Visitor: 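Quick one: this structure, given as structure tokens, is what I'll be asking you about.
No experiment lies behind these values; they were computed from the predicted model shown. FYI, side chains are in, hydrogens and waters are out, and symmetry mates aren't considered; it's all heavy atoms of this structure.
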Amino acid sequence: MGTRPNPDSRAAARPPVRRRKAAEERRAEIAAATLAILAEEGLHAWTTAALARRVGVSEACLFRHYAGKEDILADAVGRAADELRRRIEAYRPPGDAWQGARGLVLTLLEFVEQTGGAPLVVLSGHAAPVSRGLQGKAVQVQDLLHARMTGLFLRAQGGRRSRARAARLANLALAVTQSAGMRWMISGRTLPLRATAMDMFDELKRCLSDERGAARVAPPAPQESSR
């Protein structure tokens, strides 16, 4: 008398069914992989073959979701720019203006870490030559970030300095962000990104504080003789 096979054993023997991803989910995956390659290796290394390997699909699959290679790049950088804009607009600084500027840098660095460097791709304009529309979007995000940072530094100076001075400080803060981010990527993402950037940012504040203190104690300039 034969034994009836165990239903559980038949189920275990069947290969797992691969879930077919929805179109938007796959596009988001392709866009994220594109940004990762751009951040890690640069535009020259971004090929459809490399992208397909990163995603784990065939090259033909890529073009079921996009009309061409440029469309993939435009979508990837556009998504990163839109998310960066959303985070900048959503950022609410604390009462202290210096802490506000510091917090905005940390908000940007958090996005850098989460995406493997996507904001640096946007802010550097690395992929902007692909299309004028993409270049315009990158410039808009850069301008928004710079304007927010300038406003925070204007508050931090207590209104004693000019907007031009605050804009230059904003440039320095963004340079700190980009420099720390590039060093982080070159180190294979082993460098403590936020700690490195905050050390640089705090040094900037100390230098400005020393400068203001020196200005307060500086002796008056000698008067020229009227003879």
Visitor: Between Trp184 and Leu109, does a side-chain contact (heavy atoms from CB on, under 4.5 Å) hold up when you go through it step by step?
Guide: CA-CA 11 Å; Trp184 174 69; Leu109 293 177; over 6 Å; no

Visitor: Measure the CE-CG distance between Met185 and Leu193 for me, rounded to the nearest 0.5 Å.
Guide: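 These two atoms lie 9.5 Å from each other.
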
Visitor: Of all the heavy-atom pairs spanning Ala197 and Ala180, show the shortest one and how long it is.
Guide: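 Of all heavy-atom pairs spanning Ala197 and Ala180, the closest is CB-CB, 3.8 Å.
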
Visitor: Closest heavy-atom contact between Ala50 and Ala45?
Guide: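 So the two residues come closest at CB-O, 3.8 Å.
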
Visitor: Please say whether the positively charged group of Arg165, taken as NZ for Lys or CZ for Arg, lies over the ring of Phe153, i.e. under 6.0 angstrom from the six-membered ring centre and within 45 degrees of the axis.
Guide: no

Visitor: CZ of Arg148 to OG1 of Thr107: how many Å apart, nearest 0.5 Å?
Guide: 9.5 Å

Visitor: At their closest point, which heavy atom of Ala39 faces which heavy atom of Gly116, and how far apart are they?
Guide: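 It is CB-O, 3.2 Å.
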
Visitor: Does a side-chain heavy-atom distance below 4.5 Å link Lys69 with Leu62?
Guide: no

Visitor: Considering residues at least two apart in sequence or located in another chain, which fulfil the salt bridge (charged side-chain N to carboxylate O under 4.0 Å, His left out) criterion with Glu110?
Guide: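 Counting only residues at least two positions away or on another chain, Glu110 forms a salt bridge (charged side-chain N to carboxylate O under 4.0 Å, His left out) with Arg87.
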
Visitor: Rounded at 0.5 Å granularity, tell me how far OH in Tyr91 sits from CG in Leu106.
Guide: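 Result: 8.0 Å between the selected atoms.
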
Visitor: From Thr34 OG1 over to Leu51 CG, what is the distance, rounded to the nearest 0.5 angstrom?
Guide: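 The distance works out to 4.0 Å.
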
Visitor: Nearest 0.5 Å, what's the OG1-CZ distance between Thr115 and Arg79?
Guide: 13.5 Å

Visitor: Looking only at non-hydrogen atoms, find the nearest pair between Leu35 and Ala118 and report the distance.
Guide: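 Smallest interatomic distance, heavy atoms only, reads CD1-CB, 3.9 Å.
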
Visitor: Tell me whether Val139 shares a hydrophobic cluster with Leu38, the cluster being built from Ile, Leu, Val, Met, Phe, Trp, Tyr side chains joined at under 4.5 Å.
Guide: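 Val139 and Leu38: separate clusters.
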
Visitor: Assess the residue pair Leu84 and Phe111 against the criterion (side-chain contact (heavy atoms from CB on, under 4.5 Å)); give the C-alpha distance rounded to whole Å, side-chain angles, the decisive distance to 0.1 Å, and a yes or no.
Guide: CA-CA 8 Å; Leu84 182 54; Phe111 188 29; 3.9 Å; yes

Visitor: Which is it for Arg26 and Val55 under the side-chain contact (heavy atoms from CB on, under 4.5 Å) test, yes or no, and what are the steps along the way?
Guide: CA-CA 9 Å; Arg26 181 65 80 188; Val55 178; 3.7 Å; yes

Visitor: Take Leu104 and Leu108 through the test side-chain contact (heavy atoms from CB on, under 4.5 Å) and record every step on the way to the result.
Guide: CA-CA 6 Å; Leu104 184 53; Leu108 181 57; over 6 Å; no

Visitor: Could you pull out the closest heavy-atom pair between Leu120 and Thr177, with the gap in Å?
Guide: CD2-O, 4.5 Å

Visitor: For residues Glu40 and Arg54, determine if any side-chain heavy atom of one lies less than 4.5 Å from a side-chain heavy atom of the other.
Guide: yes

Visitor: Can a donor-acceptor pair be found, under 3.5 Å and without considering hydrogens, that links the side chain of Tyr66 to the backbone of Arg27?
Guide: yes

Visitor: Between atom CD1 of Ile72 and atom NE2 of His65, what is the distance when rounded to the nearest 0.5 Å?
Guide: 10.0 Å

Visitor: For Asp199 and Thr196, indicate whether the former's side chain and the latter's backbone hold a donor-acceptor pair under 3.5 Å.
Guide: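 Between the backbone of Thr196 and the side chain of Asp199 there is no qualifying donor-acceptor contact (under 3.5 Å).
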
Visitor: With ILVMFWY side chains joined below 4.5 Å, transitively, what does Met200's cluster contain besides itself?
Guide: Val176

Visitor: So does Ala170 get a backbone contact from the side chain of His146, meaning a donor-acceptor N/O pair under 3.5 Å?
Guide: no

Visitor: Could you tell me which non-hydrogen atom of Val141 sits nearest to which non-hydrogen atom of Ala81, and how far apart they are?
Guide: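 Taking every non-hydrogen atom into account, CG2-O, 3.6 Å.
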
Visitor: Please check: side-chain N/O of Arg189 versus main-chain N/O of Ile186, any donor-acceptor pairing under 3.5 Å?
Guide: no

Visitor: Is there a side-chain contact between Leu152 and Arg155, using heavy atoms and a 4.5 Å cut-off?
Guide: yes

